[in-house]
Amino acid sequence: MSTLRRSPAPPTDLNLDQLRSFRDVIALGSFSAAAERAELSQPAISLKVRALERHLGVTLIERVGRRAMPTAAGAELLTHAARIEAEVEAACAAMARHATGTLGRVRLGTGATACIFVLPPLLRELRRRLPGLDISVTTGDALDVTKAVEDSSIDIGLVTLPASGRALEVTPVLDDPFLVIAPPKTQLPARVTPAMLAALPVLLPGGNTRRLVEGWFAASGVSLRPVMQLASVEAIKELVAAGLGCAVLPGMALRRDGGARSAATRSLVIRPLSPRLQRTLAVVVRRDRPLHRGLRETLQALKGLAKTP
């Protein structure tokens, strides 16, 4: 009598260290870069990936030119890897909260301007209500922060739209109109047009803010030749106050109650733009991110910015 042969059961256990090494190789494009990140030798990283491939019975990485790329199997594993690591991290954090009585850790990413002018009161209120909450904040441009959320290296992002990702929930929370600032006693009309501003010396901020401002001039057919570009909004405000030119900046950086400022910057001339220019800030989080209480409270506070007058 013949007997049926059962095919081997697929592996159900994964080595998280090997999985992390695999993700690093793909994210950084090479075994050597992944080894540098992990502070290991390149052969050690290669051994971890080969052990994972043997365990799963598939090839996960192939070389395309000089870059390490995922195979079809590797690409599919990547879609699961972030969720696996996030769930493990959430489980460990939950156990740590039981052990220490804390509310957990929240990693928040945003742009420099929002970090200076939006987050302080929000974080102060969170700390008042939840003194056991551990929050870390990193700054970067919108693309980098969004990618970090997607990769689960940070938990929540507060970024300028557009922001997208198949795994992301994107919630617009704050419209931020741009304003023009000029040295004290500068004579400006009630609303400032691109043509008016282009006739004056203009200082430009960097990054995505510069692209938005240059787009505003270009949409009106006005060519702008800035006299200076600076990455720091606060430095621009001080230079404008010193009479070196005008600037177009996000309105959140110019609120009258926006914190300590020099006497010179308090006397800046501030006007709206015509046509209107604004950016929208949004909260981004992975849809599959497990929400412990601290993360849930932080997310709720950020979404509450939509109600800010």
Side-chain angles (χ1 to χ4, degrees), residues 27-28 37 86 89 104-127 130 133-165 167-179 181 203-214 228-240 247-255 257-261 265 278-286 289 294-295 297-306 308:
L28 300 174
R37 171 183 280 185
E89 182 182 324
R105 183 183 179 210
V106 174
R107 300 164 302 174
L108 174 62
T110 192
T113 305
C115 184
I116 295 170
F117 298 102
V118 175
L119 288 187
L122 183 146
L123 297 179
R124 183 172 59 244
E125 176 60 18
L126 277 173
R127 179 60 57 85
L130 307 168
L133 182 61
D134 176 16
I135 300 182
S136 63
V137 180
T138 57
T139 59
D141 65 35
L143 285 176
D144 289 341
V145 171
T146 301
K147 187 177 185 303
V149 173
E150 210 163 14
D151 292 344
S152 295
S153 56
I154 63 174
D155 303 309
I156 309 176
L158 179 64
V159 301
T160 305
L161 292 179
S164 62
L168 298 179
E169 173 190 289
V170 180
T171 307
V173 293
L174 187 65
D175 290 332
D176 184 24
F178 281 69
L179 300 168
I181 60 173
L203 287 69
L204 277 182
N208 191 52
T209 302
R210 171 170 182 153
R211 289 190 288 273
L212 289 170
V213 173
E214 288 181 325
M228 197 180 303
Q229 176 180 327
L230 298 96
S232 167
V233 168
E234 287 298 282
I236 289 176
K237 288 159 65 175
E238 292 292 340
L239 292 178
V240 171
V248 177
L249 296 178
M252 68 171 59
L254 303 170
R255 291 175 181 165
D257 59 350
R261 292 184 291 168
T265 59
Q278 74 171 33
R279 62 180 187 168
T280 299
L281 271 64
V283 175
V284 294
V285 64
R286 283 189 66 97
R289 167 66 65 183
L295 190 52
E297 294 276 0
T298 304
L299 192 58
Q300 184 176 339
L302 287 167
K303 289 184 177 181
L305 291 171
T308 303

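Taking 4.5 Å as the limit, some side-chain heavy atom of Met252 sits within range of a side-chain heavy atom of Asp176. Side-chain contact between Phe117 and Leu254 is absent, with no heavy-atom pair separated by less than 4.5 Å. Between Leu305 and Leu281 there is no side-chain heavy-atom pair separated by less than 4.5 Å. The shortest distance between side-chain heavy atoms of Leu230 and Pro205 does not fall below 4.5 Å. Within the 4.5 Å cutoff, the side chain of Leu204 has heavy atoms near those of the Val213 side chain. Side-chain contact between Leu161 and Pro172 is present, with heavy atoms from C-beta onward closer than 4.5 Å.
Of the candidates Thr110, Val173, Thr298, Val283 forms a side-chain contact (heavy atoms from CB on, under 4.5 Å) with just one, namely Val173. Between Val137 and the options Ile154, Leu158, Val106, Leu119, a side-chain contact (heavy atoms from CB on, under 4.5 Å) holds for only Leu119.
With values rounded to the nearest 0.5 angstrom, Arg286 atom CZ is found 12.5 Å from Glu169 atom CD. Remark: Leu108 CG to Asp155 CG distance equals 8.5 Å, nearest 0.5 Å. In this structure, Arg279 CZ and Arg211 CZ are separated by 12.0 Å, a value rounded to the nearest 0.5 Å.
Few gaps surround CD on Glu125; more than 12 heavy atoms of other groups in view lie less than 6.0 Å from it.
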key: Check against side chain to side chain donor-acceptor pair (under 3.5 Å), Thr160 and Asn208   = CA-CA 9 Å; Thr160 305; Asn208 191 52; 4.6 Å; no

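A side-chain donor-acceptor contact under 3.5 Å links Asp141 to the backbone of Leu143.
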